[in-house]
Amino acid sequence: MNTRAIRAVIRKDLKVVTQSKGVMIPLIIVPVMLLVAMPALTALLPMFTDTSSFRLTELDAFIEQMPAGLQAELAGYDELQRIVALVVIYEFAPMYLMVPLMVASVIAADSFAGEKERKTLEALIYTPTTDQELFVAKLLSAWLPAMAVALIGFVLYGVTANVAAWPIMGRLFFPHVMWLVLVTWVAPAVAGLGLSTMVLVSARAQTFQEAYQIGGAIVLPMLLLVVGQATGVMYFSTGLVFVLGLALWAVDVALIRLGRRAFQRETVLIQL
Amino acid sequence: MPTISISNVRKAFGDVQALDGISFEVNSGEVFGLLGHNGAGKTTTVRLLNGVLFPSHGQARVLGLDPTTDGPALRRRTGVLTETPSLDERLTARDNLLIYADLYDVPPSKLGRRVDEMLEQFELTDRADDKVGAYSKGMKQRLALARALLHRPEILFLDEPTAGLDPVVARQVHDLITRLSRREGRTVLLCTHNLVEAQQLCDRVAVLEHGRLVALGAPDELARGLVHRLPVEFEVAPDETAAALAALQTLDTNALARRDGRLTAQLDRDAIPVTVEVLLQAGVHIYRVNPQQPTLEDVYFTLHRKENGV
Ligand SMILES: Nc1ncnc2c1ncn2[C@@H]1O[C@H](COP(=O)(O)OP(=O)(O)OP(=O)(O)O)[C@@H](O)[C@H]1O
Ligand SMILES: [Mg+2]
C-alpha cells in the first residue's frame, strides 16, 4: 500500500468537500441540532414545564415495561432526574447514530459520484495508484471525518447534557457505559454502512445529488431504531448496542466487498 | 527496443469495436502522431497503453512493461494529458499540483521547488493560489500540462492538447512538445485532429479509421506514397487564360481559372510534362508551373475517400 498516495487522495477529497456549501451546511447543522440543541432542550425543559401530573404516570408506565436491569438503573433517580436520564442516555442514543451515518454518506457521495460529476476521476485513474489504494483512500476520505465528527459530537453531547442538566441532576451522569460501546463500536460501523451504500449507489449515479438522494434512503432503517426506541418496541442497552454493532459490521463487510468488486479502473472509466 | 509496441490489439465496448487489430511501434524520443476522426479509437489506444483499460485481444508493451499487469509501475513513468483537463476546480493550481506530486511520488525534498518550477514554466505563478474554477480554458490546459509533466515522465501522452486553444497558446504547446522531444529526449504520443499540427510536430504518424490502422509513416513519406493527384498552379499570359483553360479541360484535370493568368489543375505528378506540352501546343505562354506539396490533410482525405469507397 502506497500510503503517501492514499493520504494525498484523502487530503484532496477533504479539501474539495470543505469548499462546497451544499455539503458543509448539513455537515455542521445536523450534528449541532442533534447533539447540542436536543440534549440542552431536554435537560432544560422539565424545569419550565409542569411535570407533576399525567406525564409522570405515563413515564412510570413506560418504565415499568422496561427490562429489569434498566429499571434498576433508573431507580436511583427521582422523577425529574429519571426523565432526563432516560431521554439523554437511552432515547437519544439511536439519534446519535444518525450523525456518523449522515457525515459518511454525504462525503462518500461527494467523493465517488461528485468526482464523476466534476470529471476529475480520469486524472486520478491515470495515477500510479492501484485500484485497491484508490478504493481504500476513498473509503477513508468519508470514514475518517465521520468518525471525527462522531467523537467531537459525543464530547459536545456529554458536556451539553451534564451542564444543562446540572440543576436537576446535581452530578455528572454522562457518559454511560452503553455510550462508550455506541461511540467506539457502533458509530464506526454505522459510518461504514453510510459510505458503503454510497459506494454502491455512486457506481450508477452520475451526480452528487442523484447519489445523495438515492443513498439517503439508508437513514430509513436508522429511523426505525429511533422510532422503535421511542415507542418502547425495543430498549437500547449495552448488550443490544453491542449486538447491533456486530450486525452492522457484518453488513459493512458484505457491502464493501461488493463495492470493491465494482471499483475497477476499467469499469469506473467506462462508466464516466 | 521500441518504447511503445502494440500488436494486433482489439478492444470492444459492447457491440462497438473501438479498436480492431492495430499494431505499431514508437521509438524512444520520437513524436508520434495518432490521427483519426471522432471515434476512431485514439483515446482508447492511450488508455490501453497506460493500463487503465484492458485489451480484448492482443498485447502491448510500454517501457518494457505490460500495461495489463504492471499498470501502476508503468504509470509512474508516463504522463497523460486527458481530453478534458480533469482538474479539481474547487482547489487552487498549487494544491492541484501538490496533491498530484504526492500521487506521482515526486521526491518530497524536491516537491516545493518542482511545483514552483512548473507554475513558472507554464506562466501560472501569479494565479497559483486562485481556484482553478476561475481559470480560462487556456490556463486550465497549461495547468493540466504542468500536472502531466510534474514527475518528469519518460513518455508523454497528449490527447488533443491544443483543441480549443487560441493560436498563441497553441504555439506555446507546440514549442513545448518540440522542446520535450528534441532537447530532453522524451517520447511523445500525440492524438490530434489538427493535421497541420501533426505535420509540423510528428516524426511519424498513424492514421486510424474505425479502429483500424490505415496508414503509418513519416508525414512526407505518406504524402508522396499516397497522394498522387496534386493541385498544380499554372501562371500564363493573362489574355491567354481562356485558351489555357480550354486546353486543360481537354484533359481530365478539374481545371479552374482563378483569375487572369492563374489556373489550377489536379494532376498526377507523371502527367505534368504532358500537360505542359498540351498548353504549349495551344499556343499558351507559360511563366510558371508550381505543383503543391501534398500535405497530411491530402493524405487524410485520400485515405478517407478510399475507406469509404468514394
Ligand atoms: N466508455 C465507452 N463506452 C462505450 N463505447 C466507448 C467508450 N469509450 C469509447 N467508446 C467507443 O469507442 C470508439 C472509439 O472511441 P475513442 O474515444 O477511442 O475515439 P477517439 O479517436 O478518441 O475520438 P475523439 O476524436 O472523438 O476523441 C467510439 O466508437 C466510442 O463510441
Ligand atoms: Mg478521444
### Query
Checking A/Ile270 against chain B: side chain, backbone, both or neither under 4.5 Å from a heavy atom?
side chain
### Non-neighbouring partners of A/Glu210 that pass salt bridge (charged side-chain N to carboxylate O under 4.0 Å, His left out), sequence neighbours left out
none
### Message
Can you confirm whether A/Met33 is buried at CE, in the sense that more than 12 heavy atoms of other residues, nucleotides or ligands lie under 6.0 Å from that atom?
### Response
no
#### Entry: Greatest number of heavy atom pairs closer than 4.5 Å to chain A - which of B/Val106, B/Leu98, B/Leu81
B/Val106
### Query
Of all residues at least two apart in sequence or in a different chain, which pass the ring-ring contact (aromatic ring centres under 6.0 Å, His included) check with B/Phe122?
none
### Task
Under 4.5 Å heavy-atom distance to chain A, tell me which part of B/Val80 shows up: side chain, backbone, both or neither.
side chain
### Message
Is B/Leu91 close to chain A through its backbone or its side chain, or both, or neither, when contacts mean heavy atoms under 4.5 Å?
### Response
side chain
### Which residues share a ring-ring contact (aromatic ring centres under 6.0 Å, His included) with B/Phe157, sequence neighbours left out
none
### Task
Go through the atoms of A/Leu124 and report whether side chain, backbone, both or neither lie under 4.5 Å from a heavy atom of chain B.
both
### Query
Is chain A contacted by the side chain of B/Ala101, its backbone, both, or neither, given a heavy-atom distance below 4.5 Å?
backbone
Donor and acceptor N/O pairs, chain A versus chain B, under 3.5 angstrom:
unit_1	atom_1	unit_2	atom_2	d
A/Arg4	NE	B/Asp102	OD1	3.0
A/Arg4	NH1	B/Asp105	OD1	2.7
A/Arg4	NH1	B/Val106	O	2.8
A/Arg4	NH2	B/Asp102	OD1	2.8
A/Arg4	NH2	B/Val106	O	2.8
A/Arg11	NH2	B/Asp102	OD2	2.4
A/Lys12	NZ	B/Asp88	OD2	3.3
A/Lys15	NZ	B/Asp95	OD1	3.0
A/Lys15	NZ	B/Asp95	OD2	3.2
A/Val16	O	B/Arg90	NH1	3.1
A/Gln19	OE1	B/Lys131	NZ	3.0
A/Lys119	O	B/Ser86	OG	3.0
A/Glu122	OE2	B/Arg47	NH2	2.9
A/Ala123	N	B/Ser86	OG	3.0
A/Leu124	N	B/Tyr100	OH	3.3
A/Tyr126	O	B/Tyr104	OH	3.1
A/Thr127	O	B/Arg75	NE	2.7
A/Thr129	O	B/Arg75	NH2	2.9
A/Glu266	OE2	B/Lys11	NZ	2.7
A/Glu266	OE2	B/Phe54	N	2.8

